[in-house]
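Excluded from the calculations below are hydrogen atoms, water molecules and symmetry mates; all remaining heavy atoms, backbone and side chain alike, are included. Lettering of chains follows the sequences in order, A, B, ..., and the numbering in each one begins at 1.
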2 protein chains.
Amino acid sequence: MALKELASASNKKAKRVTVHDVARVAGVAIGTVSRVVNGAPSVTEEVRSRVLNAISELGWTPNVAAQGMRGVSARMIGFIFSDIRNPLYSAMVKGAEDALTEHGYMLVVASSNSSPEREVALVELFTRRRADGLLFTVEEESDAGMLQAIRDARFPVVLIERELALPIDTVGADHFNGTRQAAEYLLSLGHRRIALISGGKTNRVGRDRLGGFLQAHQRAGVPVDRDLLRLDSFASEYGFRETQVLLGRERRPTAIISSGMHLLSGVLEAVRMKGLDIPGDISLITSNDTELARLATPAVSVIRYDPYALGREAALQLLRRIARETPQDPIRIEIPTEFVLRQSCSPPRMIVK
Amino acid sequence: MALKELASASNKKAKRVTVHDVARVAGVAIGTVSRVVNGAPSVTEEVRSRVLNAISELGWTPNVAAQGMRGVSARMIGFIFSDIRNPLYSAMVKGAEDALTEHGYMLVVASSNSSPEREVALVELFTRRRADGLLFTVEEESDAGMLQAIRDARFPVVLIERELALPIDTVGADHFNGTRQAAEYLLSLGHRRIALISGGKTNRVGRDRLGGFLQAHQRAGVPVDRDLLRLDSFASEYGFRETQVLLGRERRPTAIISSGMHLLSGVLEAVRMKGLDIPGDISLITSNDTELARLATPAVSVIRYDPYALGREAALQLLRRIARETPQDPIRIEIPTEFVLRQSCSPPRMIVK
DNA sequence: TTGTACGCGTTATCAT
DNA sequence: ATGATAACGCGTACAA
C-alpha cells in the first residue's frame, strides 16, 4: 500500500492549469483573467465573480516562472552570514524572516563559512537568481573581490553589523556605547587594569567595542595597558587561552570584558582552572547575553542587545529600499545595547596603581 | 531587425544581455549558444570557444525565469520548522545547507511558529514557488490539513524528527535507545524513582523517549510511577515548574531525565532553589548536549546526537529522492545517540523501596 | 554540425 | 469593458 501511494504520487502527471483554462471555463479572454487577479479597476462585477469561480474551481495559481519573464519579482531575499549556528545569526534570521514573510518575501540563507571567496560566489549566485535584495554580514570589510561583487549586484544590500567604503544602508548594535558603559562601570568600581578580549579587529563590531573601551578610559583619565587588549578572535578557545595568559601575569588584570558570544565559556573555564573567585579575585562582564551568563555561578553581568530586532530592522530597511520608500542617501540604523548588572563584578581586592 | 537594434542601442535603458546578443557576438545562432552552455556533444571546438568568449565578454548568464518556463528546476529546497532560534534547528539547517550547496541548491527557511495553519500555507507557498523538495519538521503529526497539504505537494518531502501516516522518508535521532540507555544507567545505580520531563507527547521524539524510558524499567522489572512522567512541554518554564512540583512531593524522585534543549535551565534553577545537591540529593541526565550542561557545576550527563549530521543526512536523502536514486519505498534513517557520563549522577542516598 | 522556429504562461498594449 | 495578440528569454525538435 505504501509502495502504491508513493508510486502514484510520483507518477502524477498533473497537467498544469493555465490562464487559458481559467479563461475557457469562465468564458472570457485571458486578458480578463489577468485583469481580475491583478485587480484592474475596469471589470464588471459579474465577469469578475465568474473568473474567480473558475479560478477556485480549477485551483489555478499563476506560474511564477512565467510571471518572472514578465518582470514580476521573485520576492526573494538572501542573507549571507558566516554560520547560522551562531545564536546571534539565528535570531537575526528569525527577525528578518518574520518581517519578510509579512511582505510576501522568501528568505534564502547562505553560509559563507567566513570565506570571502564564497561570499563573492554567493553574491553572484543571488544576482543570477534575481534576488530582490540582500542582507549581508561581510567577513572582511576591505576584501576587494567582495566590494566589487556588491557594486555589480543588481539589487539593494543592507549590511548587518558591518560597514563598507560604499554608500550602503547599515544596521548594527551600538557596541561602542555598550562597551563604554561596561568599562565605565568597572572603572567606577576602582578597577585600573581591565582586559578586553574580543575579535573582529577589522570590522565595525570590533572597532566600536575597542573605541568604547578606550573612550571610557580616556574620560576617566586611566591609561590603557596595550598588553591587556586581546583582539584576535571570537572563539571560545581564544578566550580560554588568552585568559590563562592574562591571569598568569605578575600584574594581572582585576577585570575582564569578553566581547563575543562564545568567549565566556573559555574565560570561565580558565578562571576556574586558576582557582580564582568571581568577583572577589576577578570581575567579569561579557557580551552578548546567554543562558550560560544567566545561569553561571555567580551570574555574569552582560552587555546585551536584541539580535531579533536587529534582523527585523535590517529586513524592513531593505524592503523600504526595494520599494524606494527611503531617501537615496544610505541609512545607518543602530540597535541600542543595555548593560545588565549581575553578580560578577565587585571592586578590585587590591588597587594596582 | 537593424532598425530595432538601432532603436534599442539609442535607448538609454541598460538592456539585459540574452542568448541573442551572445549569438550575434559569436557569429552563431542562438541554438548553438544553448548547446554550448548545456554541454551538447555536437559542437565544433572552434565554435565552442567562440561562444564561450562571447559569453564571458558580455557577462551573460541564463535568465532563470526563462529557464523555469522551459521546465528547468529552480534548484530550491524549503525547510519548515517551528523556530530557527532553537539551536537544534540552526545546526540542522547548517547541515542541510552544506549538503544542498554542494549540489547547487538554495535553501529557503520557513518558521511555522508551531502553527499547523501556517505549515499548510507554507507547503502551498512552496508548491506555488515550484520548490524541488521540502525538509519538514511537522508540528502536529495528525493535523489533517497538513497531511492533505503534503499529499497535494508536487515535490518529495523528507520528515525530520517526525513520522506520519504517509509513505514519506524520515530522518530522526535514535531517541528511543538514547533514553533507554540513560534510564538503564540510573536504574543500575539503584534509582527506583526516576522522573521524565519532556514534551512532544504526540510526536515521534516524545513517543520514542517515553518508549525507551518504559522499556528500561520493564527490563529491570521496576514499575513506573505515572506521576513521575511530565510530558507536556519542552519549555524552560515547564522544566522549572514541574521540577518544583516533583521535588516538593513527599516521595520525591531520586533522579530526573529532562529531554529537551531548554528544559535543563529550568530544572537546574528549581533544584538550586530547593537547595538540593547534585548528584547527592538528586541525579540528573538531560538531552541534548549544551554549553550549559558542559559548564554547569557539576557538569551534567547528557544524551546527545549530532543535529548537523541529521540535517545533512535529511538533505542528502531528499536529493536522492529528487534524483530518483533511491528505492520507491520510504526510507527511515536514524542518527545514533550517545550517552555522555559527567558528574551529575550517583547512587541514590536513600533507597526508596 | 548548425540554424530556424515554436512554445512555455504571463502581463501589457492595442483594438474594438 | 473586454478580446486579441505581442513580447519576455530560453530550450529543443526539426530542417538544412
Side-chain angles (χ1 to χ4, degrees), chain A residues 13-55 58-75 104 127-130 154, chain B residues 1 3-5 7-8 11 13-55 58-75 127-130 154:
Chain A
K13 287 229 167 177
K15 54 210 161 176
R16 329 202 291 186
V17 350
T18 75
V19 263
H20 292 95
D21 301 314
V22 175
R24 188 168 31 75
V25 170
V28 298
I30 61 165
T32 304
V33 177
S34 179
R35 275 186 281 266
V36 168
V37 297
N38 293 310
S42 61
V43 182
T44 309
E45 199 46 54
E46 194 261 332
V47 171
R48 176 184 192 68
S49 69
R50 244 163 54 211
V51 170
L52 290 177
N53 281 337
I55 288 176
L58 296 172
W60 172 80
T61 55
N63 179 310
V64 187
Q67 285 183 316
M69 288 217 55
R70 297 295 310 164
V72 175
S73 118
R75 297 186 94 75
T127 305
R128 251 188 309 120
R129 297 284 191 113
R130 300 229 154 49
R154 299 248 192 86
Chain B
M1 194 65 80
L3 187 82
K4 193 173 160 191
E5 279 186 30
S8 59
N11 196 341
K13 262 182 12 181
K15 215 191 158 201
R16 290 174 295 198
V17 351
T18 74
V19 264
H20 293 94
D21 302 313
V22 175
R24 188 169 33 74
V25 170
V28 298
I30 61 162
T32 304
V33 176
S34 180
R35 276 185 280 267
V36 169
V37 296
N38 294 310
S42 61
V43 182
T44 307
E45 197 47 53
E46 194 262 330
V47 172
R48 175 185 192 70
S49 70
R50 243 163 56 211
V51 170
L52 290 177
N53 281 338
I55 288 176
L58 296 172
W60 172 79
T61 55
N63 179 310
V64 277
Q67 285 183 316
M69 289 219 53
R70 298 292 310 164
V72 175
S73 126
R75 297 187 92 77
T127 305
R128 252 188 309 119
R129 297 282 191 116
R130 302 232 150 55
R154 300 250 189 85

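- Between A/Thr32 and the phosphate of D/dG3, there is a side-chain N or O to OP1/OP2 separation shorter than 4.0 Å.
- Between the side chain of B/Thr44 and the backbone N or O of B/Glu46, no donor-acceptor pair lies under 3.5 Å.
- Contacts of A/His20 with the nucleic acid, taken as non-hydrogen atoms under 4.0 Å apart, include base atoms.
- Summarising the geometry, the separation between CG on B/Asn38 and P on D/dT12 is reported as 6 Å, rounded to the nearest angstrom.
- Under the 4.5 Å side-chain criterion, counting only non-hydrogen atoms from C-beta, B/Val37 is in contact with B/Trp60.
- Nucleic acid contact class of A/Val43 (heavy atoms, under 4.0 Å, all strands): sugar-phosphate only.
- The A/Arg70 side chain lies nearest to C/dT10 when the options are C/dT10, D/dG11, D/dG9.
- Regarding contacts with the backbone of D/dG11, a side-chain N or O of B/Ser34 is found under 4.0 angstrom from either OP1 or OP2.
- For the pair A/Thr44 and D/dT2, the criterion of a side-chain N or O lying under 4.0 Å from OP1 or OP2 is met.
- The side chain of B/Arg16 lies closest to D/dG9, out of C/dG9, D/dA1, D/dG9.
- A donor-acceptor pair under 3.5 Å is absent between the side-chain atoms of A/Arg130 and the main chain of B/Asn63, judged by distance alone.
- One atom, CD of A/Glu46, and another, C1' of D/dA1, lie 12 Å apart when rounded to the nearest Å.
- At the phosphate of D/dT12, neither OP1 nor OP2 sits under 4.0 Å from any side-chain N or O atom of B/Arg35.
- Atom CG in A/Asn63 sits about 18 Å away from atom P in D/dC8, given to the nearest Å.
- Between C/dG3, C/dT10, D/dC10, one nucleotide has an atom nearer to the side chain of B/Trp60 than all others, and that is D/dC10.
- B/Arg24 places its CZ atom 15 Å from the C1' atom of D/dG9, with the value rounded to the nearest Å.
- Separating the CG atom in A/Leu58 from the CG atom in A/Asn53 is a distance of 10.5 Å, to the nearest 0.5 Å.
- Between A/Gln67 and C/dG9, a side-chain N or O to OP1/OP2 separation shorter than 4.0 Å is absent.
- If you measure from atom CG of A/Asp21 to atom P of C/dG9, you get 9 Å, rounded to the nearest angstrom.
- Taking only side-chain atoms of A/Met69, from C-beta outward, the nucleotide of D/dA1, C/dA12, D/dG9 with the closest atom is D/dG9.
- Minimum atom distance to the side chain of A/Ala29 is reached by D/dA4, of the listed D/dG11, C/dG3, D/dA4.
- To the nearest angstrom, C1' of C/dG9 lies 8 Å from CD1 of A/Ile30.
- Across B/Arg16 and B/Asp21, no two heavy atoms sit closer than the pair O-OD2, 3.7 Å.
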